[in-house]
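See structure below.
The figures here come from the full heavy-atom set of this structure, side chains too, leaving out hydrogens, waters and symmetry mates. When a ligand or atom number is given, it counts from 1 through the structure's own listing order. Position 1 is the first residue of the sequence; numbering continues from there.
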Amino acid sequence: MKLHINEDHRLSHIEPEIYGHFSEHLGRCIYGGLYVGDDSKIDNVNGMRRDVVDALKDIKIPVLRWPGGNFADEYHWMDGIGPKEKRKKMINTHWGGVIEDNSFGTHEYFELCKQLGCKTYVNGNVGSGTVREMSEWVEYMTFNGVSPMADLRKENGHEEGWTVDYFGVGNENWGCGGNMTADYYGNKYRNYQTYVRCYNGNKPIKKVCCGPNADDYKWTREIFETCYRHPAPKGTHGFMDGFSVHYYVVVNDWEHKGSAKEFSKEEYYRAMRKAYYMDEIITINDHIMSEYDPDKEIAMLVDEWGCWHDVEEGTNPGFLFQQNSMRDAQVAGATLNIFNKHSDRVKMGCLAQIVNVLQSVILTEDDKMVLTPTYHVFHMYRHHQGADLLESYLEGDEKIGIGEDVASNVNESVSIDKDGIITVSLNNIDVDKDNIVEIDFREMEVASVEGAVLSGNMKDYNDFENPEKVVEKKFEGFEACGKVLKVTIPPCSLVTLRICRK
Ligand code: AHR
């Protein structure tokens, strides 16, 4: 098989935010995963786990979405500010019925993002909150003058307003966020977003409208019918800057999703088929958006994606804790390649969720931490952040799988960074045999190549007893000859090559 690369044809810019993450007040994501409090025995900086923050910095985390998810539409931000001992305790009704003590709130979120050095993406409450509550939160977070909310923030110890890069106006409002119709939400969106103000000289906040549940294209069309504003007032994209799309790979069905650790080859290929479906979801949503916005000024944000398996035995079903195998890594690699390929429209992706929930990059248990195979994929793909997508296509790839569960045996994406280094991500999903790919450049001759590989049995995973079963390794399975590079990709593996031209 051949991978053709036109090294001179840049197609679009890959925003770093495509490699973003999502954190919700759910299970042990925030509490125990990211935040332990400053009186914890676990090593922390102002309450944030040092080991987790360091690991996330190593994958160059570009943006972190918070506080939900479903939790966002029940979250009343004022419960999470002020002296901790006075903060309200409540039941987290969505997720496990446990007590939420609100010790992680607005100030803690911005502290975490400061430590991570990432952009901020705050999700507001439309489902059970008022316009006033949302608008006051934005005022509290960002206003630098004299006002009731800015004064309250100062009383709570933060003189300067923070930067909110993205603000989500509701979450999944077609379902858990209020069970609204598109028409009803569309009008609410227009109303609520009006009061997401950009105060005196601040960086404009990018407003994100709730998009469809995956392939609910009717929702997309109706929202654009209601909310698209053309021509947009100068310096704005009208009512919205971003449109969110959510899609999870559920291997079987929602009732019996299937185990994260024990699965058949058939279920492996089913996961891959379902992962590849992301391409169609983005393509069709993009077509509908382009009917209104042909210049692609409104970004698509796939701000929840990943594998959703059954919870691990003996864990709280509401905590969504699952293991993470090479299968998950393959889903991540294929999905990130799809995002890169659609980077003309897709400007953000947020893996659900960052620590201890669903397809995490990190798992923790007390003071221990383990990096999942998916973590290593993000590490290998970090070179694509901020690079330009290059034109590339496969010739001679074949379908692999069982019965209806078939998918192309190899997936890829290619980018070029500001130093002219080309990054090729090339994944062999075939669990039984290696695949030889001849990379054929248009004219360029190869000067040097460095490679990394993530490889294993489809069911391999890392845990606290065996944390390094699946780790990124140096890859040497290539031979360069002029403008052709012959690569042998082992079974079930992901390869990243960094190529310099002569
Ligand atoms: O990520 C878990 C949940 O999935 C989120 O809270 C919700 O938005 C989605 O349904």
Side-chain angles (χ1 to χ4, degrees), residues 20-31 33-34 63-76 90-98 100 104 109 121-129 166-180 185 189 208-216 219 242-251 253-255 257 260 274-275 278 281 300-312 315-324 328 331-332 335 348-363 372 374:
H21 291 269
F22 169 41
S23 60
E24 181 166 10
H25 288 239
L26 195 178
R28 295 184 301 109
C29 181
I30 302 282
Y31 299 111
L34 293 161
V63 66
L64 184 64
R65 177 173 179 244
W66 171 82
N70 292 346
F71 185 80
D73 279 290
E74 274 193 318
Y75 184 58
H76 300 288
M90 60 191 262
I91 301 291
N92 189 334
T93 46
H94 264 300
W95 303 119
V98 290
E100 161 66 61
F104 188 97
Y109 168 70
Y121 180 4
V122 176
N123 211 111
N125 179 348
V126 170
S128 69
Y166 299 87
F167 191 88
V169 181
N171 168 72
E172 295 194 351
N173 302 90
W174 36 261
C176 294
N179 288 306
M180 302 175 194
Y185 170 74
Y189 175 80
V208 182
C209 177
C210 168
N213 181 10
D215 52 8
D216 181 359
W219 176 276
F243 186 65
S244 75
V245 173
H246 290 181
Y247 174 58
Y248 286 96
V249 169
V250 176
V251 177
D253 56 52
W254 284 99
E255 286 302 298
K257 298 185 254 318
K274 292 190 173 184
M278 179 70 92
I281 291 169
M300 189 188 298
L301 280 58
V302 188
D303 58 14
E304 285 188 32
W305 69 270
C307 289
W308 193 321
H309 306 303
D310 287 336
V311 298
E312 294 305 325
T315 64
N316 185 329
F319 279 18
L320 310 185
F321 178 75
Q322 65 191 41
Q323 249 300 348
N324 190 300
D328 297 270
V331 168
T335 305
M348 188 192 290
C350 296
L351 178 70
Q353 300 191 2
I354 191 161
V355 189
N356 292 332
V357 170
L358 301 175
Q359 190 176 346
S360 312
V361 287
I362 294 175
L363 304 176
T372 67
T374 301

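- The closest approach between Phe71 and ligand 1 stays at or above 4.0 Å for every heavy atom of the residue.
- Of the protein's non-hydrogen atoms, Glu304 OE2, 2.8 Å is the one closest to atom 8 (O) of ligand 1.
- The closest side-chain heavy-atom distance from Asn356 to Phe319 is not below 4.5 Å.
- The aromatic rings of Trp219 and Tyr185 lie parallel to each other, their planes meeting at an angle below 30°, with 60° marking the opposite boundary.
- Side-chain contact check for Arg65 versus Asn171: some heavy-atom pair is nearer than 4.5 Å.
- Contacts between Leu358 and ligand 1 below 4.0 angstrom, taking non-hydrogen atoms only, involve the side chain exclusively.
- Inter-residue side-chain proximity for Lys274 and Cys307 is flagged as unmet; no heavy-atom pair is nearer than 4.5 Å.
- A cation-pi arrangement is present between Arg28 and Phe321, with the terminal nitrogen or guanidinium carbon under 6.0 Å from the aromatic centre and inside a 45° cone about the axis.
- The six-membered or imidazole ring of Tyr75 lies near that of Trp66, with a centre-to-centre distance under 6.0 Å.
- Glu172 OE1, 2.7 Å is the protein heavy atom nearest to atom 10 (O) of ligand 1.
- Protein heavy atom nearest atom 1 (O) of ligand 1, with residue, atom name and distance: Tyr248 OH, 2.8 Å.
- Considering backbone and side-chain atoms alike, Asn70 places an N or O below 3.5 Å from some N or O of ligand 1.
- Residue-ligand proximity, Phe22 to ligand 1, at heavy-atom distances under 4.0 Å covers atoms 1 (O).
- For atom 6 (O) of ligand 1, the closest non-hydrogen atom on the protein side is Glu24 OE1, 2.7 Å.
- Here's the thing with Gln353: one of its N/O atoms is less than 3.5 angstrom from an N/O atom of ligand 1.
- In the vicinity of Asn171, heavy-atom distances shorter than 4.0 Å reach the ligand 1 atoms 8 (O).
- Contact of the Tyr189 side chain with the Asn173 side chain is not registered, since no non-hydrogen atoms from C-beta on lie closer than 4.5 Å.
- The part of Trp95 lying near ligand 1 is the side chain, judged by heavy-atom distances below 4.0 Å.
- At distances below 3.5 Å, not a single donor-acceptor pair connects side-chain atoms of Asn213 with backbone N or O atoms of Asp216.
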